[in-house]
Amino acid sequence: MQNLSEPEIQRRKKREDLMKLGIDPYPAELYKVNATAKDILQNYERNKIDYKDISIAGRLMGFRIMGNASFAELQDATGRIQLYFKRDDLCPTEDKSLYNDVFKKLLDIGDIIGAKGYVFTTQTGETTIHVTEFKLLSKALKPLPIVKTDEEGKVHDAVTDVEFRYRQRYADLVVNPQTKDIFVKRAKIISTMRRIFDEKGWLEVETPILQPIHGGAAARPFKTHHNTLDMPLYMRIANELYLKRLIVGGFDGVYEFGKMFRNEGMDRTHNPEFTSMELYVAYKDYHWMMELTETVFETVAMTLHDTTEVKVGENTIHFRAPFTRLSIVGAIEKYTGVNIESYDETQLRQLCREWKMNIDDSMGLGKLIDEIFGEKVEANLIQPTFIIDYPVEMSPLTKKHRSKAGFVERFELFVNGKEVANAYSELNDPIDQRERFEEQLKLAARGDEEAMAMDEDFIRSLEYGMPPTSGIGIGIDRLTMMMTNNASIQEVLFFPQMKPEQKTQVAEIQDYVKIGVSEEIVPILQKLGFLTIEELKKANANKLFNDLGGMRKKMKLDVKLPSKEEVEKWLA
RNA sequence: GAUUUCGUAGCUCAGUCGGUAGAGCAUUACACUUUUAAUGUAGGGGUCCUGGGUUCGAGCCCCAGCGGAAUCACCA
């Protein structure tokens, strides 16, 4: 309750003043709304009689007061509309206080109000609500940053500080319409995908987030502990193994939109928790899945942009089927000129050294190929490209290729140089699956921290028989980045992970009183910067005594100051 | 983790050679009956991120730390 800025103090006072006038700044009852800003702006011109008696609610975002009449801007969930307040309409009697005091003096930018009235068009041609009645619904105590847009649509003083925007996303959303738009699009991406899957009769499911074994992907997990069971649990890094158990159980198609958690580095493409959509469909293979993926991306792009061409950074991405298909070996040959098809691990390692790549001895053949791909190819894949047929070593859950020995039936979809989807023909031979897990254990022994652990229960489920199945995972955050032309994942997450804000442990009034400070002096001390007793104790008594007098004058407080002896006692 | 860079009023940002802390918006008061980045006049508002150092004197120079961003490394 200290270190309030001038406007914050004023708003607190206005809140009190309203209460004294018998106006509840936070009324309990609902406010009936029958119109939105968007609805009025779109339909009023064509259908004027429907807007003679409207009721709307939202946040006040600007005032233009000129004497006995005023304009204000109201922002609701759909947009902004202008309100017109006329003194003698609001106050037909001699008592003009509702307009002069409540409206002009006690309302601020940021306050939430309800307004009733009729729609008209001003002389300057703007659709406006002539307010006949208004009601304060919530008083805002903290001033919003003011962003203004001029006639040419040029934005002035836009709030661009990402730290402010991410930490106080609520304020970002109020002030920056483009932020809101990202999240509307994000929701549309998800609902579009859900619609496609539901129409096919697949089931949306939920699987455990707390898992005893963190399987299904290569990543380091968050570890936690269950008290009653007295056992470690991991936040899931993937949900794949659970979804496949459900295919064993007899569902034809299951999908889950869910949060995954990976205890790894954070940067503009990685957040510790992120959203993935995983889909598994029985009796399908990865070729079928590529076609479905094309449909999904095409449909999402069309829903959002009414076209399959989407601008991402400097590139225009064409989400129009069919997408290019390229094997990983073929892709490496295309972008390096080297055909590594017949290379063994030693030869590959040699090649990596020649290219001065950063590799180590824990890397097996598959990992080396992946490294080369990441280094030499990935960034080149701007237009949607399926990279298919991966080495078996890096795909322990994938069915062996029907014709290429040493490879598996897997694809990843790359767009704008980034992976956005990962899919395969799922491995359903329980004996093979056990051997693959055992290979992973060997990699772990070699020092690969991300190798998968044996999951006996998952193998048991496969032993009952899983139909041939194709599965895919799509990163929703990265897809959203792409579809909304954002370069950082933080922009498409409401609340990206941030380091905690530093908050100074501030002393309570009683703490000051305990060492002998009288209550009315406390605000002066706080204003002087002594927010903790510790700091106060370190002060110089002479200087503090003098400063108290100076600050009392500055703050125009009429309080009795302590003697120098009393000040010395505080610090003792 | 490394490098670069930034941190000044509620917001956006200036700040000269090291010499009293600045502007616009917001805010307060007054004026103004259709404005629209409303306007006019007057005022208030600062831990110059924090802590050290150099100096007669630091927003500015040096060192350390904190926080953000970018690039790289790591990581799907």
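Order of the sequence lines fixes the chain letters, A, B, ..., with proteins taken first and strands second; residue numbering starts at 1 for each chain.
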Next on the checklist: My understanding is that only residues two or more places apart in sequence, or in another chain, count here; which of them pass side chain to side chain donor-acceptor pair (under 3.5 Å) with A/R169?
Outcome noted: A/D172
Taking N or O atoms only and anything under 3.5 Å, show me the protein contacts with nucleotides 26-34 of chain B, one pair per line.
from	atom 1	to	atom 2	distance (Å)
B/A26	OP1	A/K148	NZ	2.8
B/U27	O2'	A/Q10	OE1	2.3
B/U27	O2'	A/Q10	NE2	3.4
B/U28	OP1	A/K14	NZ	2.4
B/C32	N3	A/G67	N	3.2
B/C32	N4	A/G67	N	3.4
B/U34	O2'	A/Q123	OE1	2.5
B/U34	O2	A/Q123	N	3.1

Item to check | Sugar-phosphate or base contact per nucleotide [nucleotides 1-7 of chain B; S, B, -; heavy atom under 4.0 Å] | outcome: -------
Checklist entry - What side chain to side chain donor-acceptor pair (under 3.5 Å) pairs are there with at least one residue in residues 264-273 of chain A, not counting sequence neighbours? => result A/K259-A/E273, A/D267-A/T269, A/D267-A/H270, A/H270-A/R478
Checklist entry - Tell me the ring-ring contact (aromatic ring centres under 6.0 Å, His included) pairs involving residues 475-499 of chain A, sequence neighbours left out? => result A/F183-A/F494
Item to check | Counterpart residues, side chain to side chain donor-acceptor pair (under 3.5 Å), relative to A/R15 (two or more places apart) | outcome: none
Item to check | Pairing partner (Watson-Crick or G-U wobble, both distances under 3.5 angstrom) of B/A31 | outcome: B/U39
Next on the checklist: Test of understanding: with salt bridge (charged side-chain N to carboxylate O under 4.0 Å, His left out), list the residues that count as partners of A/E439, not counting sequence neighbours.
Outcome noted: A/K442
Next on the checklist: Among residues at least two apart in sequence or on other chains, which ones pass salt bridge (charged side-chain N to carboxylate O under 4.0 Å, His left out) with A/D455?
Outcome noted: A/R245
Item to check | salt bridge (charged side-chain N to carboxylate O under 4.0 Å, His left out) partners of A/E45, counting only residues at least two apart | outcome: A/K48
Do any N or O atoms of the protein come closer than 3.5 Å to N or O atoms of nucleotides 48-50 of chain B, and which pairs are they?
none

Item to check | Base-pairing mate for B/U54 - Watson-Crick or G-U, with both contacts under 3.5 Å | outcome: none
Next on the checklist: Run the ring pair (Phe, Tyr, Trp, His ring centres under 6.0 Å) test against A/F120 and tell me which residues pass, sequence neighbours left out.
Outcome noted: A/Y84, A/H130
Next on the checklist: Test of understanding: with salt bridge (charged side-chain N to carboxylate O under 4.0 Å, His left out), list the residues that count as partners of A/K399, not counting sequence neighbours.
Outcome noted: none
